[in-house]
There are 2 protein chains.
Amino acid sequence: MDDKKKITIKDVAKHACVGLGTVSRAINGASGISPKTRKRVFESIKELGYTPDVIAQSMRSNKYKNIAFFIDISNVAFSKIAKGIQYELDNLGYILSLCDIGDKNVIEKVMTFMNGRKFDGIILSLPREDDQELHQFFSSIKIPIVTLDRDIPDIPAGITTDYFSSVKKATHYLLSLGHKGIALIGGSRHIRPTRVSIDAFQEAYNEKSIPCPEDLILEGQLTSEFGRRAIYDLLPKIRSGQVSAIFTLNNQIFQGVLHVLRENNLEYPKDISLITFEDYELTQLLNPSVTVIRRPLLEMGKSVSRILIKYIEEPDLYGKIAPSVIPTEFIIRDSCKFL
Amino acid sequence: MDDKKKITIKDVAKHACVGLGTVSRAINGASGISPKTRKRVFESIKELGYTPDVIAQSMRSNKYKNIAFFIDISNVAFSKIAKGIQYELDNLGYILSLCDIGDKNVIEKVMTFMNGRKFDGIILSLPREDDQELHQFFSSIKIPIVTLDRDIPDIPAGITTDYFSSVKKATHYLLSLGHKGIALIGGSRHIRPTRVSIDAFQEAYNEKSIPCPEDLILEGQLTSEFGRRAIYDLLPKIRSGQVSAIFTLNNQIFQGVLHVLRENNLEYPKDISLITFEDYELTQLLNPSVTVIRRPLLEMGKSVSRILIKYIEEPDLYGKIAPSVIPTEFIIRDSCKFL
DNA sequence: GTGAAAGCGCTAACAG
DNA sequence: CTGTTAGCGCTTTCAC
């Protein structure tokens, strides 16, 4: 990282003919140093090409300039969110340490990762909200933690995506097209996005005074495997016309659905109408293109970092800032037909 | 991270009635400690719930248990590679620090990221191989660096993907289907994958004693934008039948191509045959499904980490291990027609 | 305002 | 084999 021999704060002090502490004060923008001295110190720093050793700084100051990000990497959304986070963090001199927690054995992975390590803050996107053991673990940590669209007791949400309004909009859209049998396939009520979406779905039906088909609300996991299973079970109802539209709340589920549809020679929008969450290359390039709800992933990453950093810099605020509400967009394309 | 009050090596020493150094020796599995004492120390460690402070360890030992990963996050391949890397690193107690370098201003981002930070090793996937400034920078660093499919002077490749054989296979396949005008759209010769693929492409033609259409080898960037431009220019030749197949070397390029094809009502395989690199949800779910060359992304991540760790643990080997050669797979689906 | 001194928690070199 | 000692590079008192 450095050039030849490590040049330390000591060298700078000597070069600038000041004491160790003075250099430190200059670096940290602390008070109690005259502008003149400060300037001289900075000149020496520049001349010597000195860079503070982050490790040594950390040891003394308990600041690490390091954020941990726990997420299931398999989710396509991840890379864009990560990009947003990293972008924001970069500007502030923090780095991102990545931990893939997959979707099982989460606690074990988290603990291994944290073991003896130090971070200034944590960004959390857990596969479920009801893992008591995990909550307990995170609660015992006294650094700021912030979640991505999760309602977890004692841990403030950094951002909260407005699934409600777009799911309602989408459901209304389907309803207005004449669909009554809409199957909603999502994760479990134990994660916020699914929970909120179900509420919105039901409310849309209620507003039109159409009875909501509770048996068509399918809760499971955010995997393509679950999508396959769900749609497979739905096949008879699709064929009988009882179900005329499918609304998937996650891209992996959507992919599973698509597979089974294909295998069974079911075409959309002819045989079945489709709406899904997450707008990405697949939904755009599929033919016909797919009606979707889009989340601004990059922006989500940036927002969540901003809040986390604020908490880190002003610990007193922790938990007191309302999460950024991220808007979503309902984009109508060609995957739904008029009944 | 810890529980209440920080418990240190000192506490352990006191508890186990041994000296500081002894505890350290036990922790580090160093020699010169009797099994009996070691056991006692570990008992105390367990009892006290002691965890070594990685920061303090790092400061003394110059080991950080931290790997830096530089990559353009935008690439879909990234998340699976990252998963592989993280998986392998996890087992060895290393963590992954992620740096998104995008595809411009790379050196600036790299330097900001490295500034004052310490890593044990670096995994590098640069957007181009011919950035002198960047090479110089990385050459000046004396920790192991390993690349993902890049030939960079002085920096050993961790893995090398066998693009050659599958590109040749794919080209032969197209040739045997009767295609002569195959457009090859890739990045620049300045990155290994494209360079090798071009070679293979030409060799396939040569083997069949068919003159290789050099003017149909299009070099550019690995972006959908370039894909669009390239295919746009090709349109007349496609319509005239001069070009009957397109072979894209990257998924983003492929997506650009697909867009333009769609906009111009060109269908595959009817109007044009298609082969692309990277097998992912899009190529599988598109209808018709797309003939592809697949790389085992997860495995690539694992392999590159393994080599890097080996270099870290045995610095003498640095640069002396041949890169793992990662096999690729040519998967025939429905995007090419018999001419 | 500024220098000197005291550690942060740990490893490594040195005596026994 | 094991205890003690000296720092790693830095921040933070504490005097002056």
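Just so we're on the same page: letters track the sequence lines, and every chain starts at 1.
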### Query
Which of residues 31-46 of chain A sit near DNA chain C, with a heavy atom under 4.0 Å from it?
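Within this stretch, Gly32(A), Ile33(A), Ser34(A), Thr37(A) sit under 4.0 Å of the strand.
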Once you round it to whole Å, what is the distance between [atom2] of [N] and [atom1] of [X]?
| X | N | atom1 | atom2 | result |
| --- | --- | --- | --- | --- |
| Met59(B) | dT11(C) | CE | C1' | 11 Å |
| Asp53(A) | dG7(D) | CG | P | 18 Å |
| Leu20(A) | dA6(C) | CG | P | 13 Å |
| Arg117(A) | dC10(C) | CZ | C1' | 15 Å |
| Lys10(A) | dA4(C) | NZ | P | 12 Å |
| Lys63(B) | dC8(D) | NZ | P | 18 Å |
| Asn28(A) | dT12(D) | CG | C1' | 10 Å |
| Ile55(A) | dT11(C) | CD1 | P | 13 Å |

#### Entry: Ion pair check, Glu88(A) and Arg306(A), cut-off under 4.0 Å
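Between Arg306(A) and Glu88(A) there is a salt bridge, with a charged N closer than 4.0 Å to a carboxylate O.
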### Query
Using 4.0 Å as the upper bound for N to carboxylate O, is an ion pair formed by Lys83(A) and Asp72(B)?
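Counted as a salt bridge, because a side-chain N and a carboxylate O are separated by less than 4.0 Å.
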Closest to the [X] side chain: [options]?
| X | options | answer |
| --- | --- | --- |
| Gln57(B) | dT12(D), dT11(C), dG9(C) | dT11(C) |
| Tyr50(A) | dT11(C), dC10(D), dT11(D) | dC10(D) |
| Ile9(A) | dG9(C), dC10(D), dA13(C) | dC10(D) |
| Lys6(B) | dG3(C), dC10(D), dG9(C) | dG9(C) |

Please tell me if [X] has a side-chain N or O lying less than 4.0 Å from either OP1 or OP2 of [N].
| X | N | result |
| --- | --- | --- |
| Tyr64(A) | dC10(D) | no |
| Thr22(B) | dT2(D) | no |
| Asn62(A) | dC8(C) | no |
| Thr8(B) | dG9(C) | no |

### Message
Do Ile122(A) and Met114(A) have side chains that approach each other closer than 4.5 Å (heavy atoms only, starting at C-beta)?
### Response
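Yes; the side chains approach each other to less than 4.5 Å.
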### Polar pair under 3.5 Å, donor/acceptor by atom type, side chain Arg60(B), base dG9(C)
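Answer no: no donor N or O sits under 3.5 Å from an acceptor.
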### Query
Applying the ring pair (Phe, Tyr, Trp, His ring centres under 6.0 Å) test to Phe119(B), which of Tyr64(B), Phe113(B), Phe70(B) qualifies?
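Testing each of Tyr64(B), Phe113(B), Phe70(B) against Phe119(B), the sole residue satisfying ring pair (Phe, Tyr, Trp, His ring centres under 6.0 Å) is Phe113(B).
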Sequence neighbours left out, cut at 3.5 Å: what donor-acceptor pairs do the side chains of residues 313-320 of chain B make with other protein atoms?
residue	atom	partner	partner atom	Å
Tyr318(B)	OH	Ile145(B)	N	3.0
Tyr318(B)	OH	Ile145(B)	O	2.8
Lys320(B)	NZ	Asp316(B)	O	3.1

### Query
Which pairs count as salt bridge (Lys or Arg N to Asp or Glu O under 4.0 Å) when at least one residue sits in residues 20-38 of chain A, sequence neighbours excluded?
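Of all non-adjacent pairs touching residues 20-38 of chain A, none passes salt bridge (Lys or Arg N to Asp or Glu O under 4.0 Å).
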#### Entry: Side-chain donor or acceptor of Ser79(B) paired with backbone N/O of Ser79(A) under 3.5 Å
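It does not hold such a pair.
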